[in-house]
Q: 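I have a structure here, written as structure tokens, and I will follow up with some questions on it.
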Amino acid sequence: MRSLLPLLCLFLARTKRAAASDYTLPFMVNLDQDLKVFLKWGFDNQKGEIEFKLVVNTTGWIGFGFSPNGDMIGADIVIGGVHSNGSYFTDHHGIGKFKPVIDKQQSYTLLSLTEVDGQTSMRFRRSIRTCDDEDFDITDDPIKLIYAYGNTDKIEYHSNRRGTKEVNLLNYMPRTVLSNPSYLSATVVNITVPPVHTYYHCKVMKFSNINTKRHIYRIEPVIEHHDIVHHMLLYSCPSTVRVTYDKQCFLGDAGDTCYGVVAAWALGGGAIELPDNAGIPVGGDGRDIYYRLEIHYNNPHLDAGRTDSSGLKLYHTAQLRQHDVGILTTGVLPFSSMVYSIPPKASEFLTYGVCNTSLITQSNDPVPDLQIFGVLLHTHLAGRKVRVAQYRDRKQIDFIAVDETYNFEMQTIVSLGEIKTIKQDDEIAVECTYNTVDRTNVTKMGTATTDEMCLAFLFYYPAIEITSCISHPITMSQSDTSNQTSAETWDHDTITQQENLLKTLPQLQIISNNEYNHTYYDNGIIREMMETPKPQSCHYSNASNRLYTSWLMDPAGIMLLLVWIALM
């Protein structure tokens, strides 16, 4: 448990916006990119009640809820508004592409509902755990929030007036707001996206007028075409890169060696704010550093003649923070000389990458404890689950991150809510679960949208020189199962054999640093991963506490208690 007061004090000390805020709701976030939907919340402790205030630029109905995967199925939803006869407010649950159903038990309490100057504001509270099967438990993990609204008070299809955002409600970091912010722009300008399904465009640049070290504290995407921009990565380049260019990636140019991740964005994500004690360093190291912006365009309709000017804004400050932030790439490396075949017709196919941090010391000695505070999990279309496990002395001690409802269209950088400490000699394993039941051919590990990836980008401090620690099973001596193109050649047994083979083969581990130097080790081991911890059963404290309280407050209950005490 934690008191709201220290969080409130921290918030007041670090944001000028708090002067105009409701001090009982210290946390705030915009749920949409157009700044029309705004959420505030606060809580006394992680086992009590949580209070929300939803403000939407509309005079119609507004809705807010929690979803397992970002859509309506299984979602816990409240809908309210103000009409000519007063206000309305109801607890619902989603059943798919239909109007939400009203819950039998109304677990939310309305505190206020107003409509002023074209805005509707709805304030309400609920227990963090309601013990209602039709409600969604709020935990200390990131939660997919959904919203929708109408132009009138007739509750009907919301059209495009909807959205989703993943937020860690119970472990939210207060934001720092600086006056007259400065930012670097890493964007492409009117580049032509060719009529192919997958296209990678790279722009190598250097930032001028950054003579002294700065800290990047906010990364904000600038997306011109949300339907084709899939993900963006900004890399730092080794000292050997001294040229700029703006063209297709992976053609053998010098920028192909730029792999020190500085900033990342993926489909469905928004801006990321770093903790107020840490920033991504830029400039001031005595040489001109070049950077490579890589944008992956997904153009499934093969549209021709489209241009794009997307990229990233990097907000920076000369007021240096305590720690330099690094981003460590972990998971499975697509390796051109070794095949990695994911069979078709598999309802669940698990794949693994490993990083043994004891190997990092041979490239970067000594290695401090790495304090991980955020993560971006990444697969392509077949990905359904991603888990990142931590091992110490050959035993799993924790999960760094878990997403068992992975959504390809919602790849956000999430705060872990607490620091996960990686010590020297710890191992990190990334597990991805794929579903290929609708595919007739094997799926390769690769860069195309129809290929697959299994990656976890770990945001940590203090930064070290290592940029990636990834692996690939050593399959060179194995037959190329990609020749089994027909789905009929794969059945449950052969799929299981393929999964076990890729898991038990020795792993080739590759450690890379900022100068694009690589160290290889061929003795990686994938260890067993424990089951994801399940939330505590609801039979339980909250329900029993309510029963106990109501029983004691009843006069007959008090009399029974007194008789029971007398007989003891």
Q: Go through Gln371 and Tyr461 one step at a time and tell me if the side-chain contact (heavy atoms from CB on, under 4.5 Å) criterion holds.
A: CA-CA 5 Å; Gln371 312 297 332; Tyr461 58 78; 3.7 Å; yes
Q: What I want to check is whether the side chains of Gln119 and Asn57 have a donor and an acceptor closer together than 3.5 Å.
A: yes
Q: Determine whether a donor-acceptor pair (N or O, by modelled atom type, separation under 3.5 Å) exists between the side chain of Lys203 and the backbone of Thr187.
A: yes
Q: Kindly give the heavy-atom pair with the smallest separation between Phe66 and Ile146, and that separation in Å.
A: N-CG1, 4.3 Å
Q: Measure across Val325 and Ala278 and return the closest heavy-atom pair with its distance rounded to 0.1 Å.
A: CG2-CB, 3.4 Å
Q: Can you check whether Thr58's main-chain N or O pairs, donor with acceptor, with Thr120's side chain at less than 3.5 Å?
A: yes
Q: Quick test of your reading of the model: are Arg129 and Asp137 salt-bridged, counting only N-O distances below 4.0 Å?
A: yes
Q: Would you please test Tyr108 and Arg125 for side-chain contact (heavy atoms from CB on, under 4.5 Å) and show each step?
A: CA-CA 6 Å; Tyr108 292 75; Arg125 68 169 178 251; over 6 Å; no
Q: Take Phe459 and Ile413 through the test side-chain contact (heavy atoms from CB on, under 4.5 Å) and record every step on the way to the result.
A: CA-CA 9 Å; Phe459 289 68; Ile413 301 169; 3.7 Å; yes
Q: Do Tyr235 and Val262 have side-chain heavy atoms sitting under 4.5 Å apart?
A: no
Q: Give me the one residue out of Asp103, Asp135, Asp76, Asp132 that meets salt bridge (Lys or Arg N to Asp or Glu O under 4.0 Å) with Arg126.
A: Asp76
Q: Under 6.0 Å between ring centres: does that hold for Tyr200 and Tyr297?
A: no
Q: Do Asp71 side-chain atoms and Ile73 backbone N/O form a donor-acceptor pair below 3.5 Å?
A: yes
Q: Can you tell me how far apart CG (Leu39) and CG (Leu31) are? Round to the nearest 0.5 Å.
A: 5.0 Å
Q: Quick one: OH on Tyr199 to CG on Asp308, what's the gap to the nearest 0.5 Å?
A: 11.0 Å
Q: Might you work through the side-chain contact (heavy atoms from CB on, under 4.5 Å) test for Leu234 and Trp265, ending with a clear yes or no?
A: CA-CA 9 Å; Leu234 182 68; Trp265 175 90; over 6 Å; no
Q: Please assess Asp227 against Arg306 for the test salt bridge (Lys or Arg N to Asp or Glu O under 4.0 Å), listing each intermediate value before the final yes or no.
A: CA-CA 12 Å; Asp227 60 323; Arg306 298 190 66 175; 2.8 Å; yes
Q: Heavy atoms, side chains only, cut-off 4.5 Å: are Met410 and Thr164 in contact?
A: yes
Q: Could you walk me through whether Tyr406 and Asn69 pass side-chain hydrogen bond (donor to acceptor under 3.5 Å, both in side chains), step by step?
A: CA-CA 7 Å; Tyr406 182 84; Asn69 51 21; over 6 Å; no
Q: Hey, does the side chain of Glu452 reach the backbone of His380 with a donor-acceptor pair shorter than 3.5 angstrom?
A: yes
Q: Quick check: closest heavy atoms across Ala264 and Leu233, and the distance to 0.1 Å?
A: CB-CD2, 3.5 Å
Q: Have Glu348 and Thr433 got a donor and an acceptor in their side chains that come within less than 3.5 Å?
A: no
Q: Do Leu458 and Ile428 have side-chain heavy atoms sitting under 4.5 Å apart?
A: yes
Q: Return the CG to OG distance between Leu312 and Ser185, rounded to the nearest 0.5 Å.
A: 9.0 Å
Q: Are His226 and Gln33 close enough that a side-chain donor and a side-chain acceptor fall under 3.5 Å?
A: yes
Q: So, the side chain of Arg321 versus the backbone of Pro275: is there a donor-acceptor pair under 3.5 Å, distance only?
A: yes
Q: Between Asp32 and Val37, which heavy-atom pair has the shortest distance, and what is it?
A: OD1-N, 3.0 Å
Q: Quick check against the 3.5 Å criterion: does Gln106 have a side-chain atom that pairs as donor or acceptor with the backbone of Asp91?
A: yes
Q: Would you give the length of the straight line joining atom CG of Leu169 to atom CD1 of Ile128, rounded to the nearest 0.5 angstrom?
A: 9.0 Å
Q: Is the number of heavy atoms from other residues, nucleotides or ligands under 6.0 Å of Glu404 CD greater than 12?
A: yes
Q: Write down the atom of Thr59, the atom of Glu115, and the distance for their closest heavy-atom approach.
A: O-OE1, 3.2 Å
Q: Quick check: does any side chain N or O of Ser107 sit under 3.5 Å from a backbone N or O of Thr130, one acting as donor and the other as acceptor?
A: no
Q: Determine whether more than 12 heavy atoms belonging to other residues, nucleotides or ligands lie under 6.0 Å from atom CG of Asp133.
A: no
Q: Kindly say whether Val386 contributes a backbone atom to a donor-acceptor pair with the side chain of Asp403 at under 3.5 angstrom?
A: no
Q: List the steps, then state whether ring pair (Phe, Tyr, Trp, His ring centres under 6.0 Å) holds for His378 with His230.
A: CA-CA 11 Å; His378 183 67; His230 174 269; 5.7 Å; yes
Q: Are any non-hydrogen side-chain atoms of Phe124 and Ser112 less than 4.5 angstrom apart?
A: no
Q: Tell me yes or no: between the side chains of Thr449 and His296, is some donor less than 3.5 Å from an acceptor?
A: yes
Q: Indicate yes or no for a side-chain donor-acceptor contact from Asn441 to the backbone of Pro344 under 3.5 Å, with no hydrogens or angles considered.
A: no
Q: Using the benzene-type ring in the case of Trp, are the ring centres of Phe52 and Phe64 under 6.0 Å apart?
A: yes
Q: Restricting to non-hydrogen atoms, name the atom on Leu293 and the atom on Ser310 that form the minimum distance, rounded to 0.1 Å.
A: CD2-O, 4.4 Å
Q: For the residue pair His316 and His215, is the inter-centroid distance of their aromatic rings smaller than 6.0 Å?
A: no
Q: For Tyr183 and Tyr315, what are the C-alpha separation, side-chain angles and deciding distance, and is it a ring pair (Phe, Tyr, Trp, His ring centres under 6.0 Å)?
A: CA-CA 4 Å; Tyr183 65 85; Tyr315 288 84; 5.3 Å; yes
Q: When you check the gap from the basic side-chain N to the acidic O, do Glu51 and Arg123 get nearer than 4.0 Å?
A: yes
Q: Do His197 and Asn298 meet the criterion of a side-chain donor-acceptor pair at a distance under 3.5 Å?
A: yes
Q: Check whether Lys420 reaches the backbone of Ile372 with its side chain - one donor and one acceptor, N or O, closer than 3.5 Å.
A: no
